[in-house]
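Have a look at the structure below before the remarks.
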2 protein chains.
Amino acid sequence: MIRVLLADDENLIRSALRALLSLEDGIEVVAEAATADEALAMARSYAPDVAVLDLQLPDRDGIALAAELHAEVPGCRTMIVTSHGRPGYLKRALAGGVGGFLPKTVSASVLAQVVRTVHAGGRYVDPELAAEAISAGDSPLTARESDVLELAAEGAPVEEIARRAALTPGTVRNYLSSAASKLGAANRHEAVHVARRHGWI
Amino acid sequence: MIRVLLADDENLIRSALRALLSLEDGIEVVAEAATADEALAMARSYAPDVAVLDLQLPDRDGIALAAELHAEVPGCRTMIVTSHGRPGYLKRALAGGVGGFLPKTVSASVLAQVVRTVHAGGRYVDPELAAEAISAGDSPLTARESDVLELAAEGAPVEEIARRAALTPGTVRNYLSSAASKLGAANRHEAVHVARRHGWI
DNA sequence: CCGGAGTGGTGACATTCGTCATGGACCGGC
DNA sequence: GCCGGTCCATGACGAATGTCACCACTCCGG
C-alpha cells in the first residue's frame with residue numbers, strides 16, 4: 001500500500017484528489033495539509049511514502065517544501081502538481097530532487113500512475129511541460145538580477161527596491177537595466193512579465 | 001436527481017469533482033467540458049439542471065459563459081467556483097444571474113449543499129468573499145481609466161498604450177495618474193496590481 | 001596566474017513618467 | 001438652461017527611470 005500525503009490549500013481539490021486516489025488499488029491517502037508547515041508536521045507524524053504537493057502554497061512554494069521534506073523525512077518521495085506550468089519551476093523542482101511534475105490538466109489515471117512511478121523511485125515529467133522547458137531554456141539572469149527583478153515585481157519604485165535589497169539605487173538601476181535588455185523588454189515592468197511567463201522569477 | 005455539468009480546464013479537478021459529487025445522494029454529473037465552447041455544446045445536448053463553472057476557462061471567463069448558458073439553455077442554473085476570489089468578479093457574477101459563487105477552499109460537503117441550493121433556485125455566496133466584496137466596494141475607476149490601466153498591465157510604455165487606445169500620450173498619462181491616485185498607488189504598475197487584486201480589471 | 005564573470009558602486013545624460021493647471025466638447029439630471 | 005461629471009487634449013515642470021562608461025573587488029577555471 002502506497003501511503004500518500006496531500007498538500008494543497010484548496011480544500012475542494014484536496015478532498016477531491018483524496019476521493020480519486022482512494023479509488024485506486026494500492027494507494028491510500030494518510031494525511032492532508034493546507035499549508036507547507038502543516039504538511040511538514042503531518043509528514044513527521046505519518047512518514048508517508050509519497051507527498052503530492054501543490055506548486056503554490058500559502059506559506060512557501062512546493063519546491064521549497066519538497067526540499068524540506070527530503071531533509072526531514074528521508075523515506076518520503078515527492079511530486080508536484082500545478083495549475084500554471086511555468087518552465088522554470090520544472091527545472092528547479094527536478095534539481096531539488098522532486099520525482100514528478102505535472103499540470104492539473106492531466107487525467108486521474110495518469111496521476112495515479114505517476115504516484116506509483118514516483119513511489120518506485122522513478123521520475124515522470126509531463127511531456128508538454130518538458131518540451132516547454134527545453135524550448136524556453138535557462139534563465140539568462142544572474143542571481144542578483146533575479147533578486148532585484150523579483151523585488152520590482154509589485155511595482156515598487158527603485159528606492160524601495162534598493163532598501164529592500166540593501167543596494168544603492170544606482171546599482172539597482174544597473175541590474176534592472178541589464179535584466180530588461182537580456183529579456184528583450186523595454187522596461188523593468190515588461191521584464192517582470194517576461195520573467196514570470198518563463199518561470200524565471 | 002440533479003443533473004450537473006462541470007466546466008473546468010483542469011482535467012484532474014474536473015474528474016475529482018465528478019468523483020466527489022457522485023458520492024452525494026441525488027446528484028449526477030452528466031457532462032464535463034474543458035472549454036467554454038465545449039460547455040455550451042454539452043449544455044445544449046444534455047440540458048443540465050446546474051452548471052458548475054470554473055471562473056477562468058481557456059476561451060472566456062465563467063461569467064460570460066454563464067450569461068450564454070442562461071440565454072441558450074433556459075432551465076440551466078449556474079454557479080462558479082474559483083481559485084482566486086477577487087471581489088469584483090463576484091459582483092459581475094451576481095449581476096449576470098449566477099446562483100452560487102465560492103472559492104475552491106470550501107469543503108466538498110459545502111459544494112454539494114450549494115449545488116442543491118442553486119438547483120432549488122436559491123443563491124449562495126461564500127461569506128468571506130462576500131465580506132471582501134462589500135469592504136472592497138465598487139471600482140472607483142471610470143470606464144476609460146479601466147481600459148487604459150488594462151493596456152498598461154503588461155508593462156508597455158505610455159506611447160504604445162496611446163497607440164493601442166487611440167489616445168494621445170498626454171491623455172494616457174492623465175488617466176493613469178488619476179487611476180493610480182484613486183487606487184492609492186505610487187505608480188501605474190502598482191495600480192495594476194491593486195486593481196487586479198480587487199478584480200477591477 | 002591570468003581572464004572572465006559576477007557583484008557593487010559612481011556619475012552623467014536623455015528619456016520617460018507623474019502631476020498639475022487649463023480648456024473644450026459632450027451628456028444627463030435638476 | 002445650467003451644473004456637474006466624464007472624456008479628450010495640451011503644455012510645462014520636476015522627479016523617476018533607462019542607459020552608458022568606467023572602476024574596484026572577489027571568485028573560479030583554465
Side-chain angles (χ1 to χ4, degrees), chain A residues 88 91-92 95 136-201, chain B residues 88 91-92 95 136-201:
Chain A
K91 296 215 164 185
R92 277 173 48 211
D138 276 328
S139 169
L141 305 177
T142 68
R144 267 294 176 277
E145 281 166 359
S146 300
D147 290 350
V148 173
L149 198 57
E150 202 154 356
L151 289 172
E154 284 131 36
V158 169
E159 265 197 72
E160 195 188 319
I161 300 173
R163 266 189 292 107
R164 294 218 274 162
L167 292 173
T168 56
T171 306
V172 169
R173 280 191 288 164
N174 285 339
Y175 282 146
L176 288 175
S177 180
S178 80
S181 79
K182 279 179 182 176
L183 298 178
N187 55 49
R188 61 219 174 90
H189 306 287
E190 198 184 325
V192 166
H193 272 81
V194 174
R196 277 250 176 81
R197 192 156 9 100
H198 289 39
W200 291 334
I201 61 170
Chain B
K91 296 215 165 186
R92 277 173 47 211
D138 277 330
S139 169
L141 305 177
T142 68
R144 267 291 177 279
E145 282 166 358
S146 300
D147 290 351
V148 174
L149 197 57
E150 203 152 358
L151 288 171
E154 286 131 36
V158 169
E159 267 198 73
E160 194 187 320
I161 300 172
R163 267 190 288 108
R164 294 218 272 163
L167 292 173
T168 57
T171 306
V172 170
R173 279 191 292 166
N174 286 339
Y175 282 147
L176 289 176
S177 180
S178 80
S181 79
K182 280 179 183 176
L183 299 178
N187 55 50
R188 61 217 170 92
H189 306 289
E190 200 184 325
V192 167
H193 273 82
V194 174
R196 278 249 176 81
R197 189 153 15 96
H198 289 26
W200 291 334
I201 60 169

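Letters A, B, ... are given to chains in the order of the sequence lines, protein chains preceding strands, and every chain is numbered from 1.
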Whole angstrom value for the distance that separates C1' of D:dA16 from CD1 of A:I161: 12 Å
Identify which nucleotide among D:dA9, C:dG8, C:dG9 has an atom closest to any side-chain atom of A:Y175, counting heavy atoms from C-beta outward. C:dG8
Is there a side-chain polar atom (N or O) of B:T168 under 4.0 Å from OP1 or OP2 of D:dC8? no
As a test of understanding, state which of B:L141, B:L167, B:L149 forms a side chain to side chain contact (heavy atoms under 4.5 Å, CB included) with B:Y175. B:L167
Between CD of B:E190 and P of C:dC17 the distance, given in whole Å, is 17 Å
Starting from C1' on C:dT15, measure out to CG on A:L176 and report it in whole angstrom. 17 Å
A:R144 CZ to D:dC25 C1', in whole Å, measures 15 Å
Donor/acceptor link under 3.5 angstrom from B:N174 side chain onto base of D:dT10: yes
Look up atom NE2 in A:H193 and atom CG in A:N187, then write down how far apart they are to the nearest 0.5 Å. 10.5 Å
Using atom CG of B:D147 as one end and atom P of D:dT6 as the other, report the distance to the nearest whole Å. 15 Å
Could you say whether B:P169 or B:E145 is positioned toward the 5' end of DNA chain D, judged by the nucleotide with the nearest heavy atom to each? B:E145
Rounded to whole Å, the CD-P distance (A:E159 to D:dG18) equals 14 Å
Students often get this wrong, so: under 4.0 angstrom with heavy atoms, is B:A180 touching a base, only sugar-phosphate, or nothing? nothing
Looking at C:dC17, does its base get a donor-acceptor pair with the side chain of B:N187 below 3.5 Å? no
Indicate whether OP1 or OP2 belonging to D:dA9 is found under 4.0 Å from a side-chain N or O atom of B:T171. yes
By nearest atom, which of the nucleotides D:dC7, D:dA9, C:dT7 is closest to the B:L167 side chain? D:dA9
So, is A:T142 near the phosphate of C:dT7, with a side-chain N or O under 4.0 Å from OP1 or OP2? yes
Is the phosphate of D:dT19, meaning OP1 or OP2, less than 4.0 Å from a side-chain N or O of A:S177? yes
In terms of heavy-atom contacts, B:R196 and B:A153 come closest through NH2-CB, 3.4 Å
To the closest 0.5 Å, what do you measure between CD (B:E145) and CG (B:N174)? 10.0 Å
A:R173 side-chain N/O to D:dA16 phosphate OP1/OP2 under 4.0 Å: no
Spacing between A:E160 atom CD and D:dT17 atom C1', to the nearest angstrom: 16 Å
Closest approach of A:I201 to A:V192 (non-hydrogen atoms, all atoms of both residues): CD1-O, 4.1 Å
